[in-house]
Structure formats: structure tokens, C-alpha cells
Amino acid sequence: MTDIDPYPVSELTNRYNIGKQAVYNRLEALKIKPEKHSNRSYISGGQLQALDRLHQHIASGGTMADFEASITSSSLSPVDSLDTPSGLTKTDDLVMLVERIASAIRPATAPLAHWEELEKAVAHNWLLTSGDVKRVIGVKPKGESFPRGSFTFIRSGTIGNQTAWRVVKSSSEL
């Protein structure tokens, strides 16, 4: 990779083979503010590296929304986080580091918490969206009926643009 500092924003469409709006969406997602020189905008080499990492993430099937999560869940040490070229000031880097640490420190959940959530859904006859089911069990349900552990998810129409699932307790005889 050629690291040119500063790098013209107008060249990013060719570099990534994407449209102008996609470039600006990526700049915004990474909170990169290009610097104006005359009538052209430029980004730093560090910012270009951050865009390259985002491009690789998207090319491998990721999204801009989960890019930050993938950085947070990677094994970055605090020093790595501060050394990551981002075009931000050290104060901004420190704030970002604190936010990453805070998001990584999650209260420990009980190992059976997701089953308790499903018990509530059964007891209250709640319909869950595909996204809700995935957040609870970690897998998006498929088909008309989807068994998982002691529960079965039955397709029951839609909620907005997602499939709705009724949760029933599976009967198991020992």
C-alpha cells in the first residue's frame, strides 16, 4: 500500500471502486473530517489506513455499523488504540479509548438469562422479530418452525419488515 500524506478525497472513489456518496458515508462513519486546501479536500495517511481497514471489513461481508464492534472486540490494547492512526487529537483518542473500554465491560449475565427471556415470551405470548430472536439465542430462525433447545419458534406473520415468531415451549419426555 502506498502511503501518501496527504491523500486527495477525490481519489477515494477510484481507490475503493465506490461512488462519491459511499465515500462520504465512510468518512462520516469514521468521523473523518477532510482538510481543505484551495478547492480540494485531503485526508492524512492515518485516516487513509482507517478507511482501508473499513474497506477490507466491508469487502469481507461486514457493515459499517458492525465495524466499530469488530475493532472493540479485537485484541487491541490501550496502547494499540492510542497508536491507531485516526487523524484525531490525543484527547479525542483518549475519549474513544474510554468509550471502547466502557462498551467492552458488560455486566456479567447469568448463563441461563436467555432461557429466562424466552420463558417470559412464552408466558406473555409475545411475538418476537427475527432480530429479537437472534439477539436472544444468537441465531436467526429459518423456515416455518425453528426448534432451539427447549423452545420452538413458529413463524407468525411480520412485525414491520421482519418476520414475527411466536415462542412455544417444546415438550420433552425423558
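Residue numbers start at 1 and run along the sequence shown.
- In this structure, F151 and E119 approach most closely via the heavy-atom pair CZ-OE2, 3.8 Å.
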Task: L118/I137 under side-chain contact (heavy atoms from CB on, under 4.5 Å): CA gap, chis, key distance, verdict - done: CA-CA 9 Å; L118 293 175; I137 65 171; 3.8 Å; yes
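- M64 and V23 fall within a single hydrophobic cluster, where Ile, Leu, Val, Met, Phe, Trp and Tyr side chains are chained together by heavy-atom contacts under 4.5 Å.
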Open item on the list: Could you go through L12 and V9, starting from their C-alpha distance and side-chain angles, then the distance that decides it, and tell me whether this counts as side-chain contact (heavy atoms from CB on, under 4.5 Å)?
Closed with: CA-CA 5 Å; L12 294 172; V9 170; 4.2 Å; yes
TODO: Just do the side chain to side chain donor-acceptor pair (under 3.5 Å) check on H55 and R26 with the steps written out, would you?
DONE: CA-CA 9 Å; H55 181 71; R26 291 180 184 189; 2.9 Å; yes
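- In terms of modelled atom types and a separation under 3.5 Å, the side chain of D132 and the main chain of T129 share a donor-acceptor contact.
- For the atom pair CG (L48) and CD1 (I32), the distance works out to 8.5 Å, reported to the nearest 0.5 Å.
- Taking the centre and axis of the six-membered ring of F146, the NZ or CZ atom of R155 falls outside the cone set by 45° and 6.0 Å.
- The main-chain N or O of S44 is found under 3.5 Å from a side-chain atom of Q47 such that the two form a donor-acceptor pair.
- Side chain of H57 to backbone of T63: a donor-acceptor contact under 3.5 angstrom is found.
- The minimum heavy-atom distance linking V167 with V122 is given by the pair O-CG2, 3.5 Å.
- In this structure the side chain of V133 never reaches within 4.5 angstrom of the side chain of R135, judged on heavy atoms.
- Between V139 and R148 there is a side-chain heavy-atom pair separated by less than 4.5 Å.
- No more than 12 heavy atoms of other residues, nucleotides or ligands sit less than 6.0 Å from atom CD of E35.
- Side chains of P34 and Y42 form no contact here, defined as non-hydrogen atoms less than 4.5 Å apart.
- Rounding to the nearest 0.5 Å gives a distance of 11.0 Å between CD1 of I18 and OH of Y24.
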- [ ] Determine, stepwise, if the pair I159 / L128 fulfils side-chain contact (heavy atoms from CB on, under 4.5 Å).
- [x] CA-CA 8 Å; I159 298 174; L128 305 178; over 6 Å; no
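- Here NZ of K33 is found 8.0 Å from CD of E28. Values are rounded to the nearest 0.5 Å.
- From E144, atom CD reaches atom CH2 of W165 across 7.0 Å, with rounding to the nearest 0.5 Å.
- Closest heavy-atom contact between S145 and P147: O-CD, 3.8 Å.
- Residues K140 and S130 approach most closely at CE-CB, 4.0 Å, considering heavy atoms.
- If you take CG on L127 and CD1 on I154, they are separated by 11.0 Å, rounding to the nearest 0.5 Å.
- Listed for the Y16 side chain is a donor-acceptor partner under 3.5 Å among the backbone atoms of D52.
- Closest approach of S10 and R40 over heavy atoms only: OG-NH2, 2.8 Å.
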- [ ] Evaluate side-chain contact (heavy atoms from CB on, under 4.5 Å) for I58 paired with Q56, printing each intermediate quantity in order.
- [x] CA-CA 5 Å; I58 291 171; Q56 285 179 323; over 6 Å; no
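- Atom CD of E11 has more than 12 neighbouring heavy atoms from other residues, nucleotides or ligands inside a 6.0 Å radius.
- Put simply, OG on S170 and CZ on F153 are 8.5 Å apart, with the number rounded to the nearest 0.5 Å.
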